[in-house]
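Computed from a predicted structure; not experimentally measured.
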Amino acid sequence: MTTTGVDHSAAVGGPWWWARRRSAVLDVSLALVSAVECAVEGVPFARDAGLPVSVGMTFGLLAGMTLLVRRKWPIAVVLVSIAITPAQMGFLMGLVGLYTLAAAELPRRIIGSLAGMSFAGMFIVTYVRAHQGMVRGDLTIGDWSVPVVSITTAIGMTAPPVLLGMYVGARRRLMESLRERADSLERELMLLAERAEERAEWARNEERTRIAREMHDVVAHRVSLMVVHAAALQAVARKDPEKAVRNAALVGDMGRQALTELRQMLGVLRSGDGSDTPARGVPLAAVGAAAAAAASRAEADQGGDGGDGPRLDELDELVGQSAAAGMVVDLSVEGDARAYAPEVEATAYRVVQEALTNVHKHAAGAKAHVRLAHRAAEIAMQVENGPPPEPASAESARLPSGGNGLVGMKERVSALGGVFVSGPTDAGGFRVSAVIPAAGRVAA
């Protein structure tokens, strides 16, 4: 990641209050130069004030060394430079101090006030010195030029360092802001990448669940009927050979249909060129969608009409298959039948299909009632069965149960914004109810 601000300072490190070692070297060098300058300028100041030369030089050395703290206390450096301006000392310290002050993150009123004080002090000192030089005859300039020289000198010693410091400070703050923004964008990109990975994993899990649900819904019903017919075939093989032959034919037809559906659904999990090698690099979402499409095509092919999936007008055939397996099923339809969206009809068909499959598995021999209601803005379905005639009848067929049928039905109905309810009845049976909006809106 990009290193900025405090992190950058901590990463590089420097002595005391300096963020970097080269900054410390620069300040020490400037302080030494300023101390030498002030010491040299302290000699004439001591003579004019009637003080020992050593006192003036020591005072100059101490004043010049204040540049060491220009980054930590820039206001103190500027105040010291203003204080020694009457002694005509610390010109370098004044320039560097004003630059550092203007570049620091301080209120503009403080910078303006100190810059104004420095300008006024330089103007007054220059004006007095020039006027004294004219009186002594050291300067041969006109009286009108004294203010001009004073103003020019004051501006030259004040304006350039202040303007340069303000520019450098603004540029530094801009760079820090850009670095912070780059860090923020990098963190956001990392977060987005993590979220994308999470969403991809979630999508893979969802598609796995979807494929499993399609496999369960398409194949489990026919396999369950095959097991029921096989059990019936075993029971009547010797007593009623003709019925046994019919049951055997039904088992064969259902087995072939189940194999066809399996081939169609598993085919989408292979490469698109028809080879037996599974496709690599194919998104699982595409596989799931293709699996669902294959399941719909399989059911449509069985219906013979070439539709997009199982339809409600195929419920009679579905109920007939269960009746042929020995179940007593009543189908009642309320309201005027009409066409719905393909996903609505497919979901309604799957709910009834899975409910009848559960009756075969868990309540063999029980009577089932299938009710379908066409309403103004929704379609409702209910499959209810009574208690099995014998408690062990469900075990006699030895039908396995994965426990995913009710979950799959609820997921299908909820995906379209519908409501799904299931549970035992007071009479000892089981009831499955679902209501799906006619528009087939997808729930968030």
Side-chain angles (χ1 to χ4, degrees), residues 1-24 71-72 103-108 166-217 265 268-272 277-296 341 343-344 347 402-404 406-420 436-437 439-444:
M1 294 182 64
T2 306
T3 306
T4 59
V6 179
D7 296 335
H8 179 71
S9 300
V12 178
W16 294 339
W17 54 82
W18 285 285
R20 294 173 293 182
R21 295 184 182 277
R22 64 179 183 179
S23 300
R71 297 178 188 269
K72 190 173 183 63
E105 296 183 0
L106 294 173
R108 293 297 179 88
M166 293 178 66
Y167 166 76
V168 172
R171 184 175 179 275
R172 182 186 301 128
R173 287 187 290 271
L174 176 62
M175 294 301 295
E176 291 177 355
S177 175
L178 292 177
R179 291 192 187 99
E180 291 177 357
R181 185 175 299 178
D183 287 347
S184 177
L185 289 176
E186 188 171 358
R187 288 191 295 268
E188 290 180 1
L189 288 176
M190 293 178 63
L191 182 60
L192 289 176
E194 293 176 357
R195 290 182 177 177
E197 293 178 359
E198 294 176 357
R199 291 178 179 176
E201 183 64 25
W202 176 85
R204 286 191 291 268
N205 294 334
E206 285 294 315
E207 291 306 321
R208 292 190 186 99
T209 304
R210 180 179 177 181
I211 293 173
R213 185 170 61 240
E214 293 293 338
M215 295 283 290
H216 178 275
D217 290 343
M265 293 191 65
V268 301
L269 302 178
R270 300 180 182 273
S271 58
T277 304
R280 296 182 180 179
V282 180
L284 192 55
V287 175
S296 299
E343 62 271 15
V344 174
T347 301
N404 297 319
L406 296 177
V407 176
M409 285 189 283
K410 185 175 182 180
E411 290 176 351
R412 284 180 176 274
V413 174
S414 299
L416 298 179
V419 179
F420 177 84
I436 305 175
R441 66 177 180 85
V442 178

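Shown here are the side-chain hydrogen bond (donor to acceptor under 3.5 Å, both in side chains) partners of Glu411, two or more places apart in sequence or in another chain: Arg213. Glu197 is linked by a side-chain contact (heavy atoms from CB on, under 4.5 Å) to nothing, counting only residues two or more places apart in sequence or in another chain. Applying the side-chain contact (heavy atoms from CB on, under 4.5 Å) criterion to Val168, with sequence neighbours excluded, gives Tyr99, Leu164, Arg172. Under the side-chain contact (heavy atoms from CB on, under 4.5 Å) criterion, Leu185 pairs with Arg181, Glu188, not counting sequence neighbours. Shown here are the side-chain contact (heavy atoms from CB on, under 4.5 Å) partners of Leu191, two or more places apart in sequence or in another chain: Glu194, Arg195. Taking Glu198 as the reference, nothing meets the salt bridge (Lys or Arg N to Asp or Glu O under 4.0 Å) condition, with sequence neighbours excluded.
Annotation: the span from Thr347 atom OG1 to Leu416 atom CG amounts to 4.5 Å, rounded to 0.5 Å.
The neighbour count for Glu105 CD, taken as heavy atoms of other residues, nucleotides or ligands under 6.0 Å away, does not exceed 12.
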Stepwise salt bridge (Lys or Arg N to Asp or Glu O under 4.0 Å) check, Arg173 with Glu176: CA-CA 5 Å; Arg173 287 187 290 271; Glu176 291 177 355; over 6 Å; no
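Listed here is the closest heavy atom pair of Leu406 and Phe420: O-CE2, 4.0 Å.
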